[in-house]
Visitor: 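First, the structure itself, so that you have it in front of you.
Each chain gets a letter, A, B and so on, in the order the sequences are listed, and its residues count up from 1.
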Amino acid sequence: MNIVECADVRKTYQQGKVVVTALGGVTLSIKKGGFVALAGPSGSGKTTMLNMIGGLDQADSGSIVMDGNVYEEMTQSELATLRLYKVGFVFQAYNLIPVLSAVENVEYVMLLQGVASVERRERARIILDDVGLGGMYDRRPAELSGGQQQRVAVARAIVSDPSIVLADEPTANLDSRTGQGLLEMMKEMNEEKKVTFIFSTHEKLVMDYARRLIHVRDGLVADDEVREG
Amino acid sequence: MHFQLAWRNIWRNPRRTAVIMTAIIIGVWSMIFLGALMRGISDGMVRNGIATLTGHIQVHHKGYRNDPVIENSMTDPEAVKTALKNALPADAQRASRVRVNAVASNARHTAGVTFVGIDPAREAGVSFIGRAVTEGRYLKDDDKYGIVVGKALVDKFETRLGHKIIVMSQDTNREIASRAFRIVGIFKAEMQATEKQFVFVTMQAAQRMLKMKNGISEISLLLPDAKEVDTVADSLRAALPSADYEVQTWRELLPLITAYLDIYDGFIFIWFIVVFIAMGFGIVNTTLMAVFERIREFGLFKALGMKPWWIIREVLAESFFILLIGAVIGNILSFLSVFALSGGIDLSSLAAGSEFAGMSRIIYPVINGRDVIAANLVVFVLGLLVSICPAVKAARLTPVEALTHT
């Protein structure tokens, strides 16, 4: 069953007086439970594609359907609600809230969802234990290493059981060992919790972990490689 | 956790928060403290005005206010007093007076004065004179030739207790009446002008000199509750024949002070606006800086699914905390300042210049609940209103713009 279906998605940006084509008509579908990498060099359109799938940006034309939700028919407010309940994001720069502790950062999404505080705290602690940060609940982002911060970001992305987690170059700021550990952890979660992961990356390490590797070049899908298990 | 987040966010840049908080503290303090000073001045003016023979309400013969001559006296005061008894609250004070313009002189000097014949016991309950005598003594009922004069007049006349003063005025027969009085008491008043203007004798002495029989010039009333002035005045107007008598409140009798009170209200309003405009720019600037510094964070909030309204609420919560702390400290400081000056601010050196307006020599700051509420409302309501602009700016960012902001 497909969780994401994109049909002829196009997007251009105005950069000064120049119109830049970020996506030139992308058509692809991604199955539920997938561990997929969108690979390509900088400027190829992979981050734009990820933003489109996450409902952060709107396509100029074409259609995107995620878990049965047709984006072109949805208002900004409905898209925000969809992101809150169905999409988890992991960013290259971690993007944790600096004034909140690790556990509070994880709790924040649940707070927006209206989950009761006791349940919030309990679930946040369990997920932090799962990502190997047990005992670091009260540390603020500045007191955590890059790898630990990204683990908190992953914990925040999956804590509310989203349908899909979108990770924009999640290992780009990490050394290869830490990056590998993070990928192992995400793969485990993908297998155990059946959460769909889609990465954008240009790193070989991430590509090696992906079960499906979609090469994006000049705003188009250049190659689509499905691997075994 | 929303409030926790807002609280922690305002301390991310403690110096900036401290600067804007200081501006709010100074703003609130100045609004309340300056308001208290102005109220102190205006309260003093009203108190002086009322105590300087005006009272809360006065009853005169028709036409006396326009032309305060002896012909416009009340010839049958008993009828008026009977009407007053029925219309006045039980513990209201009243004093009848003879009051005419006169010329006072001694061997060396001459001056125009207001010659006032009083009932010593009743007058003490209505005006300042009962407790103002600082040398000699107050008048007695049987003082036929005793006179109480102001310290400034005594100095001007180069005279002293026991010496004579001649008072000259027009009597009811339109003849010049004059009489010699001996100074039995010297009074001090809030204003030197009062000391120079009024000379007091007993009612009988004045009536005899002016050949008024039982006639009086005015009845001055002091009510237990100043808020009842208009109601009591209305009931007196209803009780007395309007063809013969006129009833006026202190606001009508002291038009200059009434005008000053209105000007002060306007001045306080303008001051509030000026303070707020200065403070408002600071609040907008600080909030905008806080928003611009955290654009990526707002992008994250939107990416996580936060609705625009929640972002506005988040930014406003931060402004609210800054305003709250600033306002609380500003209030405390202003109350402490007023408390520290509760003994009064002595403006004796400036008194000569300020007396023309009826200002007291000593100002006692008065905190007015309405001013305190107004100052706090101005800060909170307008402070939150001006914060909406940066908050909306944060809320309107698209997640992608915000997340890619550098």
Visitor: Which heavy atom in A:Val99 sits nearest to a heavy atom in B:Arg8, and how many Å separate them?
Guide: O-NH1, 2.9 Å
Visitor: Look up atom CG in A:Leu84 and atom NZ in B:Lys302, then write down how far apart they are to the nearest 0.5 Å.
Guide: 13.5 Å
Visitor: Calculate, to the nearest 0.5 Å, the distance between atoms CG and CD1 belonging to B:Asn9 and A:Ile97 respectively.
Guide: 8.5 Å
Visitor: Against chain B, label A:Gln76 side chain, backbone, both or neither, depending on which of its atoms sit under 4.5 Å from a heavy atom there.
Guide: neither
Visitor: Side chain, backbone, both or neither: which part of A:Asp57 has a non-hydrogen atom closer than 4.5 Å to chain B?
Guide: both
Visitor: Counting neighbours of NZ on B:Lys307 that are heavy atoms of other residues, nucleotides or ligands and sit closer than 6.0 Å, is the number greater than 12?
Guide: yes
Visitor: Rounded to the nearest 0.5 Å, what separation is found between the CG atom of A:Leu112 and the CZ atom of B:Phe301?
Guide: 8.5 Å
Visitor: Check this for me: A:Tyr13, atom OH, are more than 12 non-hydrogen atoms of other residues, nucleotides or ligands nearer than 6.0 Å?
Guide: yes
Visitor: Non-hydrogen atoms of chain B under 4.5 Å away: do they reach the side chain of A:Gln113, the backbone, both or neither?
Guide: neither
Visitor: With a sphere of 6.0 Å drawn around CZ of A:Arg217, does it hold more than 12 non-hydrogen atoms of other residues, nucleotides or ligands?
Guide: no
Visitor: Quick check on the interface: out of B:Arg294, B:Glu297, B:Arg12, who has the most heavy-atom pairs with chain A under 4.5 Å?
Guide: B:Arg12
Visitor: For the candidates A:Arg156, A:Glu107, A:Arg120, which exhibits the highest count of non-hydrogen atom pairs separated by less than 4.5 Å from chain B?
Guide: A:Arg156
Visitor: Give me the atom names and distance for the closest heavy-atom approach of B:Ala303 to A:Phe89.
Guide: O-CE1, 3.3 Å
Visitor: Chain A heavy atoms under 4.5 Å from B:Leu300: which part of the residue, side chain, backbone, both or neither?
Guide: side chain
Visitor: Looking at A:Asp129, I'd like to know if its CG atom is crowded, meaning that more than 12 non-hydrogen atoms belonging to other residues, nucleotides or ligands lie closer than 6.0 Å.
Guide: yes
Visitor: Rounded to the nearest 0.5 Å, what separates atom CD in B:Gln4 from atom OG in A:Ser101?
Guide: 8.5 Å
Visitor: About how many Å separate CZ of A:Arg83 and CE of B:Met306, when rounded to the nearest 0.5 Å?
Guide: 12.0 Å
Visitor: Tell me, for B:Trp310 versus chain A, whether the close heavy atoms (under 4.5 Å) come from the side chain, the backbone, both or neither.
Guide: side chain
Visitor: Counting only heavy atoms not in A:Gln14 (residues, nucleotides, ligands), do more than 12 fall under 6.0 Å from its CD?
Guide: yes
Visitor: Between atom OH of A:Tyr108 and atom CG of B:Leu5, what is the distance when rounded to the nearest 0.5 Å?
Guide: 5.0 Å
